[in-house]
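Lettering follows sequence order; numbering is per chain, from 1.
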There are 2 protein chains.
Amino acid sequence: MFELLIKSIQEKVPSTEEELHLCKTYFTPKRLRRKQFLLQEGDVCNRMAFVEKGALYSYTTDAKGGQRVMQFAFEGFWISDLYSFFTREESKLNIEALEDCELLLLDHEQHDYLLKNVRQYETYIRILYQNAYVALQQRLEVTIGLTAEEKYSHLVDQYSTIVNRVPQHLIASYLGITPETLSRIRKQIASR
Amino acid sequence: MFELLIKSIQEKVPSTEEELHLCKTYFTPKRLRRKQFLLQEGDVCNRMAFVEKGALYSYTTDAKGGQRVMQFAFEGFWISDLYSFFTREESKLNIEALEDCELLLLDHEQHDYLLKNVRQYETYIRILYQNAYVALQQRLEVTIGLTAEEKYSHLVDQYSTIVNRVPQHLIASYLGITPETLSRIRKQIASR
DNA sequence: GATGAATCTTGACATATATCAAGAAAAAAT
DNA sequence: ATTTTTTCTTGATATATGTCAAGATTCATC
């Protein structure tokens with residue numbers, strides 16, 4: 001149950017077996033069925049989730065009731081609404097399971113405790129943010145700079161997991177285009 | 001020269017006068033004239049810059065030679081190409097002074113040293129990333145989710161500093177629209 | 001394996017935004 | 001102050017992408 005988390009920590013902050021073993025005590029395992037929610041808009045996000053198995057995605061709902069996909073998370077990734085998690089304000093995000101999931105949850109209190117008392121945890125989190133920030137910056141570049149087709153090609157090249165495991169209309173939303181446009185782009189690419 | 005930096009640290013990580021005073025020894029002050037570069041694409045980004053005075057912006061250059069503005073930085077902000085800074089790969093970003101600047105530079109070695117040896121510095125950086133990540137996520141929401149006019153209005157509401165101190169064509173690029181479109185939007189807003 | 005739900009495709013048409021071009025206005029440099 | 005450079009505006013036109021609607025597939029569940 002903790003294999004991937006331990007691997008993720010080990011990669012970033014070399015630690016002893018004991019230390020790694022200890023960290024287990026702070027996390028709560030949780031199973032989630034496809035279509036179940038980890039977070040619903042209006043609630044305060046009180047935890048971060050590490051994905052041991054399965055897939056989830058987060059999205060906002062716009063004025064006309066449409067989804068705007070913000071993030072996908074697969075095995076080995078974290079997902080949460082960090083804005084709500086830190087500010088303690090109501091979240092505007094929904095986090096929903098795309099597939100049946102096995103998660104490890106860390107709640108706000110435990111996160112704070114670990115930050116204060118376990119130096120390695122703070123280092124781990126710092127590196128996590130560092131990577132997340134850089135990845136988000138690249139996504140922004142792609143989103144602003146490329147045409148719909150280029151965005152999709154980039155996704156296929158760089159994040160084939162997403163393309164393989166996620167329904168097309170959610171990919172379209174993630175790229176900021178309509179499902180119809182994505183369908184046409186795929187047709188065009190296929191015909192070459 | 002160090003007022004804003006010390007304020008920024010103090011806000012996030014309460015420290016004694018001595019500790020704060022000590023941190024000065026790691027930074028190198030640098031002046032930059034309007035239009036001068038802090039970083040040019042092709043170089044490896046070897047430092048992070050804290051802005052004590054003035055304004056800078058970072059941008060990429062696309063295939064047709066057009067600028068794509070990624071970030072603006074004013075007094076109290078940090079600017080760098082974190083991707084290049086961490087990976088030690090060549091940067092695709094340019095960082096240019098919009099106004100004459102007074103900067104405090106921290107190079108890669110010193111950053112590493114401080115992370116390892118000064119717990120408070122790691123905490124400061126962690127909080128910095130945390131905030132930067134959340135801000136970037138919000139920018140992405142705005143960029144994907146809103147029309148050109150809504151994006152501009154949001155900028156006027158939330159980041160009036162940018163609107164006041166930055167030429168319009170750079171704002172357009174930052175929003176991912178053309179200068180012509182921005183000009184028309186402003187005209188329309190003004191006529192109401 | 002049948003039934004209903006979710007997802008994807010395709011066409012016709014609408015629209016927001018881009019592009020190109022040229023002149024006006026403002027700002028910087030001499 | 002004058003000149004040069006940069007920035008902003010406006011019009012005409014082009015284009016990528018969105019919207020609406022309907023049928024075709026595919027997938028999930030009993």
Side-chain angles (χ1 to χ4, degrees), chain A residues 32-36 54-55 57 59 62-69 72 94 96-101 142-156 162-191, chain B residues 32-36 54-55 57 59 62-69 72 94 96-101 142-156 162-191:
Chain A
L32 215 60
R33 281 290 170 86
R34 193 178 121 81
K35 303 230 171 183
Q36 283 187 314
Y57 73 116
Y59 63 92
D62 66 22
K64 289 163 207 136
Q67 289 184 333
R68 300 229 94 92
V69 175
F72 296 110
N94 300 280
E96 189 180 330
L98 269 172
E99 307 170 2
D100 295 351
C101 290
V142 166
T143 303
I144 292 187
L146 304 185
T147 64
E149 178 174 341
E150 289 166 336
K151 282 191 255 191
Y152 180 69
S153 299
H154 179 265
L155 195 72
V156 171
I162 295 181
V163 179
N164 294 324
R165 284 171 70 175
V166 174
Q168 237 171 263
H169 68 284
L170 294 183
I171 293 175
S173 167
Y174 180 76
L175 295 177
I177 63 181
T178 60
E180 293 94 331
T181 297
L182 180 53
S183 174
R184 290 179 180 115
I185 285 169
R186 282 167 49 88
K187 190 184 176 188
Q188 239 200 317
I189 290 176
S191 77
Chain B
L32 216 60
R33 281 291 171 85
R34 193 178 121 81
K35 304 232 169 182
Q36 283 187 315
Y57 73 116
Y59 63 91
D62 66 22
K64 290 165 206 134
Q67 288 184 333
R68 301 227 94 92
V69 175
F72 295 110
N94 300 280
E96 189 180 330
L98 270 170
E99 307 169 2
D100 295 351
C101 290
V142 167
T143 303
I144 292 187
L146 304 185
T147 64
E149 178 174 339
E150 289 167 337
K151 283 190 256 190
Y152 180 69
S153 298
H154 179 265
L155 195 73
V156 171
I162 295 181
V163 179
N164 294 324
R165 283 172 71 175
V166 174
Q168 237 170 263
H169 68 283
L170 294 183
I171 293 175
S173 167
Y174 180 76
L175 295 176
I177 62 181
T178 59
E180 292 94 331
T181 297
L182 180 55
S183 174
R184 289 180 180 116
I185 284 170
R186 283 168 48 88
K187 190 183 174 186
Q188 240 201 317
I189 290 175
S191 76

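- Within 4.0 Å of A/L182, counting heavy atoms only, lies no atom of the nucleic acid at all.
- For B/I177, taking side-chain heavy atoms from C-beta onward, the closest of the listed nucleotides D/dT9, D/dC8, C/dA18 is C/dA18.
- The side chain of B/H169 places no N or O atom within less than 4.0 Å of a non-bridging phosphate oxygen (OP1 or OP2) of D/dT6.
- At whole-Å resolution of the value, CG in B/L170 and C1' in C/dA26 are 15 Å apart.
- Between C/dA6 and A/Q168, no contact under 4.0 Å exists linking OP1 or OP2 to a side-chain N or O.
- At whole-Å resolution of the value, CG in B/L98 and P in D/dT7 are 10 Å apart.
- Remark: P of C/dC8 and CD of A/Q188 are 19 Å apart, rounded to the nearest angstrom.
- Here C/dT17 presents its C1' atom at 13 Å from CG of B/L175, a figure rounded to the nearest Å.
- In this structure, of D/dT17, C/dT10, D/dA28, it is D/dA28 that holds the atom nearest to the side chain of A/R34.
- Paired with B/E99 under the rule salt bridge (charged side-chain N to carboxylate O under 4.0 Å, His left out), one option of B/K35, B/R165, B/R33 passes, and it is B/R165.
- Considering only heavy atoms from C-beta on, B/Q67 stays 4.5 Å or farther from B/N94 through its side chain.
- Of the listed nucleotides (C/dT10, D/dT10, D/dT17), C/dT10 has the atom at the smallest distance from the side chain of A/E180.
- Distance alone, capped at 3.5 Å, is enough to place a donor-acceptor pair between the B/D100 side chain and the B/R34 backbone.
- Looking at the side chain of A/R184, the nearest of the listed nucleotides D/dT9, D/dT7, C/dA12 is C/dA12.
- If you take NZ of B/K35 and P of C/dA27, they are 14 Å apart, rounded to a whole angstrom.
- Within the 4.5 Å cutoff, the side chain of A/Y174 has no heavy atoms near those of the B/I144 side chain.
- If you check every strand for non-hydrogen atoms under 4.0 Å, B/G176 touches sugar and phosphate atoms only.
- Rounded to whole Å, the distance from CZ on B/R186 to P on C/dA25 is 16 Å.
- OP1 or OP2 of C/dA18 sits under 4.0 Å from a side-chain N or O of B/T178.
- Here C/dT15 presents its P atom at 17 Å from CD of B/E149, a figure rounded to the nearest Å.
- Side-chain nitrogen and oxygen atoms of A/T181 include none within less than 4.0 Å of the OP1 or OP2 phosphate oxygen of D/dT17.
- At D/dT10, one or more side-chain N or O atoms of B/K187 fall inside 4.0 Å of OP1 or OP2 (strictly under the cut-off).
- Nucleotide C/dC8 holds its C1' atom 12 Å from the CD1 atom of A/I171, rounded to whole Å.
- A/P167 places a side-chain heavy atom less than 4.5 Å from the side chain of A/L98.
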